[in-house]
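Okay, structure first, notes after.
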Amino acid sequence: MAGDESKSALRARAARIAATLAKLYPQARISLDFKTPWQCLVATILSAQCTDERVNKVTPVLFAEIPDVAAMAAAPVDKIERLIASTGFFRQKTRALKGAAQEIMARFNGEVPSRMEDLVTLPGVGRKTANVLLGHVFGKPGLVVDTHVRRVAYRLGLTTETDPDRIEADLSEILPPQQWTAFSMRLILHGRLICVARAPRCAQCALLPDCPQVGVKTAARRGPRPR
Ligand code: SF4
């Protein structure tokens, strides 16, 4: 947790930050395109080290050729690799997609599971991907910690951790579960637009009154080291 700030003061500040973000980004939602839980899982796996825009170009063709879990479980590896090649790390991602599909067929009757403890047993699925599914498909609280959440939460002093799982634990302690999904989506947007990695635009930032970075020189403000 952040420095000498008491837990109740930290919760109050987090609530103000969440309220400001809600005003700034009322419609914040994931920018990946999908229609089914399986498509959400595929798109999220493909989005690792790749832009959402690129993933959204690849998935319509992929889903036309390999439409569902059963088809992915049976699809030839070279066909999957060819279809997703432009998203990068395509061999690793192909292993994850095919492996996840085979596990879902074998253990979950062809349905993407809706519990964190089941999702994280699938190949290529960590807590970040699982939280995307929980929050955006299954209507459960899902606190997604990506590179933007990691950086902005650290700069805001909402966590002193750099490990994504610990950041998730810190944020989930100071925010009510019903805010987790929207808060993380809004923090991602804020990280893309204002609290950018190299030179955060503090002068334009509505969170400035609640940010401990006020008065900190730019170099020191950059946040945790990239992972
Ligand atoms: S005031 Fe600066 S460091 Fe703090 S959240 Fe805004 S842009 Fe980021």
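From a predicted model like this one, the values you see are computed outputs, not experimental measurements. Counting starts at 1 for both ligands and their atoms, in listed order.
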**Complete:** Sorted by chain and number, sequence neighbours left out, salt bridge (charged side-chain N to carboxylate O under 4.0 Å, His left out) with Arg29 holds for none
**Message:** Would you say Val61 ends up clustered with Val69 if hydrophobic residues are merged whenever their side chains have heavy atoms under 4.5 Å apart, either directly or through other cluster members?
**Reply:** yes
**Fill in**
For residues 34-62, the salt bridge (Lys or Arg N to Asp or Glu O under 4.0 Å) pairs (sequence neighbours left out) are Asp52-Arg192
**Request:** Measure from atom 4 (Fe) of ligand 1 to every heavy atom in Cys202, Cys211, Ala203, Pro212 and give the option owning the shortest one.
**Result:** Cys211
**Message:** Under a 4.0 angstrom heavy-atom cut-off, which atoms of ligand 1 come close to Leu208?
**Reply:** 1 (S)
**Complete:** In terms of heavy-atom contacts, Thr94 and Glu81 come closest through OG1-CG, 3.3 Å
**Message:** Can you name the atoms of ligand 1, numbered from 1 with element, that are less than 4.0 Å from a heavy atom of Pro200?
**Reply:** 7 (S)
**Fill in**
ligand 1 atoms nearer than 4.0 angstrom to some heavy atom of Gln213 are 3 (S)
**Complete:** CZ of Arg11 to CD of Glu5, rounded to nearest 0.5 Å, is 11.5 Å
**Item:** Whether Cys195 has an N, O or S atom under 2.8 Å from atom 4 (Fe) of ligand 1
**Value:** no
